[in-house]
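Comments concern the structure below.
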Protein chains: 2
Amino acid sequence: MYSYEYPRPALTVDCVIFGLDENDLKVLLIERAHDPYEGCWAFPGGFVDMDETTETAAKRELWEETGIKSMFLEQLYTFSGVERDPRGRVVSVAYYALVKLIDYNDQVRASSDAKKAMWFSVNEMPALAFDHAEIFEMALQRLKGKVRYQPIGFELLTEKFTLSQLQKLYEIILNKELDKRNFRKKILSMDLLVELSERQQGVSHRAAKLYQFDKEKYTALESKGFSFEL
Amino acid sequence: MYSYEYPRPALTVDCVIFGLDENDLKVLLIERAHDPYEGCWAFPGGFVDMDETTETAAKRELWEETGIKSMFLEQLYTFSGVERDPRGRVVSVAYYALVKLIDYNDQVRASSDAKKAMWFSVNEMPALAFDHAEIFEMALQRLKGKVRYQPIGFELLTEKFTLSQLQKLYEIILNKELDKRNFRKKILSMDLLVELSERQQGVSHRAAKLYQFDKEKYTALESKGFSFEL
DNA sequence: TCAAAAGTGTTCCGAATACACCCATGA
DNA sequence: TCATGGGTGTATTCGGAACACTTTTGA
């Protein structure tokens, strides 16, 4: 038992994990096995230990619940509604993460059997536990906003990708169609993509060139006041 | 005494309060009266009560420490470094606020005597307690970023203002000079300002027209997908 | 009459948009 | 040979940036 002179809220983290498949932006949810909200879907999360930051806690939860180790992770917002957890006062620091979905599909599915984790399209979300619907809304808004002026979209793709895949990504996230020629013109003019000598494999049409995002180049440009904007 | 099965970090809020005077963007600091960091300057803040959200707590602290009641207030970031407070584990949710400085100068000064509150130019900051230097940096960056695509700058001015004052505001915050004609053209073309029939008083040169920000109009436009961008 | 800030338009340039056809490949 | 997506250039429009002089007012 731990005693304090004044009462303290419990502190947790919750993670909104975004992944992209062929046609959809998805998030990973976990089915709750216990009350409250038993059977309800919720974002993975848990208590913050005394010797870790909230960010470390978020990474740990992600690892424990999905097997995903390294990814883009950013603090979203701290939710502190007095009644947000029926068990008592719980303040939660929410994070959002971007993962290369296909890389981790198997691990997640493996851990699914134990914990019932599942990817849901952001357009077909089930009812969520606690105030997670609010967290979700904010995470989606943040992603939509951020993707336009920071090259974080690449975190959702594999290392090598075609320009069409990249365009599709933006179309899915921003939820609007983009012109192919204008998109390519703009993205290539930024000089952040490396054209590889490889090409797409096993497609029944002309194979597209593969590209890679050059993070060093981006960091260099950024520090010189360059702004990525789609 | 309050006892828990697992240890819990203490939860606090800290507030970065921005105000604008003639020539400078300023923040309000409080001189610490006790250890740790006695005599050091720090942002106003304190513990979160069990029956209030972090936002409520931030507003309360602001009221207690400065007498300022209503202002723009937004969550900044949650700081959770394990060693950020030498007394033990303390997680702090930081907020930033924008106030019409001249309105509150007196109240703040009144409370100054008791608590030693003082406005510091953001360009002449003293050493800060805890990790408050980090909080400050983030708050300033956030303000600079946000001011460009949301009309929050008006929160720093009085109800009625001249276009030159508004331009000065942006020049101070963004830290660069703007062209007068282009600025006026742009800001007026947004149709968010109401031109009043009044004029400036007591200046020893041609008196400028006074304007007012039309919040209703902005909310209406915003919901129709309008984007404020300077 | 001088100092100090208010107020006002036009030109130029670059970026964003709109738009349609041929090419390569595997089935 | 056909279906499927890959790949490419130009003309137009719109917004941002640069730029200087006249007006008003109180001291």
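In what follows, chains are A, B, ... by sequence order, proteins preceding strands, each numbered from 1.
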Tell me which residues in residues 220-230 of chain A lie within less than 4.0 Å of DNA chain D, going by non-hydrogen atoms. none
Mind checking which nucleotides bracket the chain A contacts on DNA chain C, 5' to 3', with an atom under 4.0 Å from a heavy atom? C/dA16 to C/dA27
Which pairs count as salt bridge (charged side-chain N to carboxylate O under 4.0 Å, His left out) when at least one residue sits in residues 170-184 of chain A, sequence neighbours excluded? none
B/Asn23 and B/Lys168: side chain donor to acceptor below 3.5 Å: yes
Could you tell me whether a side-chain N or O of B/Glu137 sits under 3.5 Å from a main-chain N or O of B/Glu134, the two making a donor and an acceptor? no
Strictly distance-based, threshold 3.5 Å: is any side-chain N or O of B/Arg199 a donor or acceptor partner for the main-chain N or O of B/Ala207? yes
Taking atom CZ of A/Arg148 as the centre, does the number of heavy atoms from other residues, nucleotides or ligands within less than 6.0 Å exceed 12? no
Checking B/Glu198 now: which residues fulfil salt bridge (Lys or Arg N to Asp or Glu O under 4.0 Å) with it, not counting sequence neighbours? B/Lys160
Distance alone, cut at 3.5 Å: any donor-acceptor contact between the side chains of B/Tyr77 and A/Thr78? no
When A/Arg199 and B/Arg206 are each assigned the nearest nucleotide of DNA chain D, the 5'-most assignment goes to A/Arg199
Using the salt bridge (Lys or Arg N to Asp or Glu O under 4.0 Å) rule, take A/Lys146 and A/Glu74 through it: C-alpha gap first, then chi angles, then the decisive distance, then the call. CA-CA 11 Å; A/Lys146 195 123 190 168; A/Glu74 192 176 88; 3.1 Å; yes
Just by modelled atom types, is the A/Lys116 backbone N or O under 3.5 Å from a matching donor or acceptor in the A/Glu31 side chain? no
Is the B/Phe226 ring parallel, tilted or perpendicular to the B/Tyr218 ring (thresholds 30°, 60°)? perpendicular
Nucleotide range of DNA chain D lying under 4.0 Å from chain A heavy atoms: D/dT4 to D/dT10
Tell me which one of A/Tyr211, A/Phe154, A/Phe213 satisfies ring-ring contact (aromatic ring centres under 6.0 Å, His included) with A/Phe161. A/Phe154
Rounded distance (nearest 0.5 Å) linking atom CD1 of B/Ile187 with atom CD of B/Gln167: 10.0 Å
Does the cation-pi check pass for A/Lys26 over A/Trp119, that is, NZ or CZ under 6.0 Å from the six-membered ring centre and within 45° of its axis? no
Most 5' of B/Ala208 and B/Ser204 on DNA chain C, judged by nearest nucleotide: B/Ser204
Residues of residues 168-185 of chain A with a heavy atom under 4.0 Å from any atom of DNA chain C, listed by number, are A/Asp179, A/Arg181, A/Asn182, A/Lys185
